[in-house]
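Source: prediction; values computed, not measured. For the numbers below, each heavy atom of this structure counts, side chains included, while hydrogens, waters and symmetry mates do not.
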Amino acid sequence: MSRPDPAVAAAPGVRATSPGSAEAPGRGSLSERVAGALLAHPDVVRLSGGTFGSIATYLPGRRLVGVSLGDGDEPTRISVVLRLGARVRPTADALRALVAAQTGARRVDVVVTDVADPTAPDPA
């Protein structure tokens, strides 16, 4: 008869969830969580791949543009399109702080590739 591993057992009153379930805390990869936090900022219209589309994370079966997490001494890089009328430097500083808090990165490079009116139809 096997016994449950105490390191895996949930605390009393807490329902255990598998890492892939919708209820799991912090669901999704760190890159996806960073992207979601960036898109939740009121001055970010969308993420961008940068000038040559090089700011991206490769995930299984797809590419997440706009977020490239640094490895080791490399900086974390993000690329965004801001809302028309947003103040670029204060918004970039806020996004830098947001990403640094989520990732623990010492250096976060913010690239603003464009500004757009979020109420206008998407040109793509």
Side-chain angles (χ1 to χ4, degrees):
M1 181 165 127
S2 66
R3 294 184 181 175
D5 183 358
V8 178
V14 176
R15 188 172 56 130
T17 58
S18 68
S21 73
E23 301 89 34
R27 183 166 191 266
S29 71
L30 181 57
S31 311
E32 291 171 311
R33 292 193 309 268
V34 167
L38 291 170
L39 291 170
H41 191 283
D43 288 333
V44 174
V45 175
R46 66 183 172 270
L47 300 177
S48 168
T51 306
F52 298 105
S54 62
I55 300 176
T57 300
Y58 293 91
L59 299 170
R62 67 187 182 97
R63 210 170 146 244
L64 175 65
V65 297
V67 177
S68 176
L69 300 180
D71 189 27
D73 289 339
E74 293 178 0
T76 290
R77 298 180 310 148
I78 60 169
S79 181
V80 294
V81 174
L82 295 183
R83 176 186 55 81
L84 184 64
R87 297 182 61 212
V88 175
R89 183 166 302 261
T91 304
D93 289 343
L95 296 176
R96 185 176 293 110
L98 178 112
V99 172
Q102 284 206 347
T103 63
R106 290 185 185 176
R107 179 174 158 198
V108 178
D109 293 345
V110 179
V111 178
V112 176
T113 58
D114 204 355
V115 294
D117 182 0
T119 61
D122 191 7

Go through the steps to decide whether Val115 and Val81 satisfy the test side-chain contact (heavy atoms from CB on, under 4.5 Å), and finish with yes or no. CA-CA 5 Å; Val115 294; Val81 174; 5.7 Å; no
Connected to Leu59, directly or through other members, by ILVMFWY side-chain contacts below 4.5 Å are Leu64
For Ala105, the side chain to side chain contact (heavy atoms under 4.5 Å, CB included) test, sequence neighbours excluded, returns Thr76, Thr103, Val108
Closest non-hydrogen atoms of Leu69 and Ser31, given as atom of the first, atom of the second and distance, are CD1-OG, 3.5 Å
For residues 90-111, the salt bridge (Lys or Arg N to Asp or Glu O under 4.0 Å) pairs (sequence neighbours left out) are Asp93-Arg96, Arg107-Asp109
Taken in chain and number order and not counting sequence neighbours, the residues that satisfy side chain to side chain contact (heavy atoms under 4.5 Å, CB included) with Ala37 are Leu98, Gln102
Do the side chains of Val80 and Thr113 get nearer than 4.5 Å, heavy atoms only? no
On a heavy-atom basis, the closest approach of Ala86 and Thr91 is CB-OG1, 4.2 Å
Quiz item: Do Val67 and Val112 belong to the same hydrophobic cluster, where Ile, Leu, Val, Met, Phe, Trp and Tyr are linked whenever their side-chain heavy atoms lie under 4.5 Å apart, directly or via other members?
Solution: yes
Hydrophobic cluster identity match, Val34 and Val45, side-chain contacts under 4.5 Å
no
Taken in chain and number order and not counting sequence neighbours, the residues that satisfy side-chain hydrogen bond (donor to acceptor under 3.5 Å, both in side chains) with Thr119 are Asp117
Taken to the nearest 0.5 Å, the spacing of Ile78 CD1 from Ser48 OG works out to 11.0 Å
>> Are there over 12 heavy-atom neighbours, none belonging to Arg89, within less than 6.0 Å of that residue's CZ?
In response: no
**Request:** Please step through side-chain contact (heavy atoms from CB on, under 4.5 Å) for the pair Val44 and Arg46, ending with a clear verdict.
**Result:** CA-CA 6 Å; Val44 174; Arg46 66 183 172 270; 5.9 Å; no
Side chain to side chain contact (heavy atoms under 4.5 Å, CB included) filter on Ile55, not counting sequence neighbours, yields Ser68, Arg77, Ser79, Val111
